[in-house]
Amino acid sequence: MDNTLSHLLMDWFTRHQRDLPWRRTYSPYHVWISEIMLQQTQMERGVEYFNRWMRKLPDVEALAEAREDDVLKLWEGLGYYSRARNLHRAACILCSVHGGCFPSTPEELQKLPGIGPYTARAIASIAFERDVCVVDANVERVCSRLYNIDTPVKNRDTRKRIEEICEALLPPGQARIFNQAVMEFGSLLCSPRTPGCPVCPVREFCAALREGVVDQRPVLRPPAKPIFLDMATGVLRREGRFFVQKRLSDDVWGNLWEFPGGVVEQGESPEQAVIREYLEETGLTVSRPAPIGRFKHSYTRYRITLHAFFVEAETVAPVALTAAQEYRWSTWEEVCSLAFPAGHRKLVEHLSLLRKFEMETNS
DNA sequence: TAAACGTGGGC
DNA sequence: TGCCCAAGTTT
């Protein structure tokens, strides 16, 4: 029995690791997709999206050949949509430049869009068993407790110190297991709120536990203050089709679809806002806003109340887009097949219920 | 370097 | 108007 810190963590991992789809193959494609999906995402949700993704896009060639709209649809609801756009871009580069094969060094991997220092090292170690360590939020938390680090973990100097600690702990030839062990340990046992110190296999090594300050590690920066906004959006229906527009690619929710709308300004009603926004964004003059409902959703530091209306148009042409790259008059079936931001998706789900109710009362 | 980027779930 | 959290990257 090897009772070093590293081996105790790896022993714990072999006994307690979760059975995850990408751990069955450790293929570079599986590891890559899982790593990107799990960024800022909870494991449970990640697994569902991963399995659905692999049924549709089983390899890098399939991803490269897919339409970006379909890739975004597979990503719908996960957030941080540049991750999906970058996956698609990177797959195209891998196929056209690397013959569909992944580079195996962190340096080469990091040249691909969407792959930063963490993901490059994760793929290199977990898929290719390269001797490099990874530092994510779990690793930061575990290290800051084991070594009782009292400076903010996001500081550059602290960050460097944690990397050096991990490098020293990494057992040569075992990076695949060791890196996952620290992260899984951080996720399942050395968790943020209620760490399992009483049953911890490395409690003898933990300086924060010894000092009684586990709940004060890691030291985090204060969070940004939330911003509360009212937004208004309008569903314009004409001859059974719906007006939808595709957002600009460099904006939030880039390349996703939506109904036109925007922020309700000071002294303005949501009804006035939806009419103004339609004119500004599409050149269309709409009228008679009829309330559909209010939908709450949050993103980054924003807390949004979305006021949704049916609207009517005096004329349909010409359309002049200022906040979108493309528009369509979509059938309901097409609306369902497009990727919407979560707030607008809630609205679409509500419309879906309305349709069902209408069909039942008409029959 | 700090801010922006999304979302749903646990407590 | 709840707050904090989740396997980061980009600009």
Side-chain angles (χ1 to χ4, degrees), chain A residues 13 17-18 20 22-23 30-50 72 75-87 89-90 109-123 125-127 133-142 152-157 159 166 176 179-188 190-195 215 218 220-230 247 249-256 258 294-306 339-346:
Chain A
F13 180 70
Q17 65 171 308
R18 288 169 285 197
L20 301 169
W22 49 91
R23 286 186 179 152
H30 286 180
V31 171
W32 175 44
I33 301 299
S34 70
E35 287 298 338
I36 302 294
M37 271 188 182
L38 264 42
Q39 289 170 15
Q40 315 291 296
T41 301
Q42 308 211 284
M43 180 67 77
E44 297 279 319
R45 302 191 69 221
V47 171
E48 293 171 30
Y49 277 86
F50 180 90
L72 286 170
W75 204 268
E76 185 185 45
L78 266 185
Y80 291 120
Y81 296 94
S82 65
R83 294 184 294 171
R85 297 195 303 272
N86 283 334
L87 279 175
R89 283 176 55 205
L109 285 161
Q110 204 174 327
K111 291 178 184 167
L112 293 164
I115 297 187
Y118 165 77
T119 308
R121 288 162 161 266
I123 297 172
S125 60
I126 297 172
C133 55
V134 297
V135 179
D136 74 333
N138 287 308
V139 177
E140 286 173 355
R141 184 171 57 257
V142 170
V153 285
K154 298 299 178 190
N155 279 7
R156 204 174 16 164
D157 293 345
R159 183 71 191 204
C166 290
R176 167 183 288 173
N179 283 343
Q180 293 189 93
V182 183
M183 292 191 282
E184 192 86 330
F185 175 75
S187 175
L188 295 181
C190 195
S191 48
R193 286 188 222 263
T194 51
D215 59 342
L220 300 170
R221 260 202 288 266
K225 285 226 171 91
I227 297 170
F228 294 89
L229 289 179
D230 284 289
R247 296 181 57 88
S249 51
D250 57 356
D251 202 358
V252 61
W253 300 302
N255 292 0
L256 272 69
E258 67 173 8
R294 293 190 301 186
F295 304 89
K296 299 261 185 186
H297 70 118
S298 304
Y299 71 97
T300 62
R301 52 190 298 204
Y302 294 94
R303 308 289 175 268
I304 308 292
T305 301
L306 180 65
F340 283 78
H344 284 243
R345 176 51 58 188
K346 288 176 190 168

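B/dT1 and C/dG8 are spaced 16 Å apart, taking the C1' atom of each and rounding to whole Å. Using atom P as the reference point in both C/dT11 and B/dG6, the two lie 13 Å apart (nearest Å). If you take atom C1' in C/dA7 and the same atom in B/dC11, they sit 22 Å apart, rounded to whole Å.
Between A/E184 atom CD and A/M43 atom CE the span is 5.5 Å, to the nearest 0.5 Å. Interatomic distance, CD of A/Q180 versus CZ of A/R18, reported as 10.5 Å (0.5 Å rounding).
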inquiry  = Walk along nucleotides 3-10 of chain C from 5' to 3' and tag each nucleotide B, S or - by protein heavy-atom contact under 4.0 Å, base first, then sugar-phosphate.
reply    = -BSBBBSS

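When each of A/R221 and A/G79 is assigned the nucleotide of DNA chain B with its nearest heavy atom, A/R221 is the one assigned upstream, toward the 5' end.
In the 5' to 3' direction, nucleotides of DNA chain B lying under 4.0 Å from heavy atoms of chain A begin and end at B/dT1 to B/dG10.
Put simply, the side chain of A/Y81 never gets that close to the backbone of A/V252: no donor and acceptor are under 3.5 Å apart. Judged by distance alone, with hydrogens and angles left aside, the side-chain atoms of A/R121 form no donor-acceptor pair with the main-chain N or O of A/V135 at under 3.5 Å. Under the 3.5 Å distance criterion, the side-chain polar atoms of A/R89 are left unmatched by any main-chain donor or acceptor of A/P113.
A/A342 comes within 4.0 angstrom of sugar-phosphate atoms only, judged by non-hydrogen atoms across all strands, and of no base.
Inter-residue side-chain proximity for A/L20 and A/F50 is flagged as unmet; no heavy-atom pair is nearer than 4.5 Å. Taking the side chain as every heavy atom from C-beta outward, A/I33 and A/W22 never approach each other to under 4.5 Å.
Taking the six-membered ring for Trp and thresholds of 30 and 60 degrees, A/W253 and A/H297 have ring planes inclined between 30 and 60 degrees apart.
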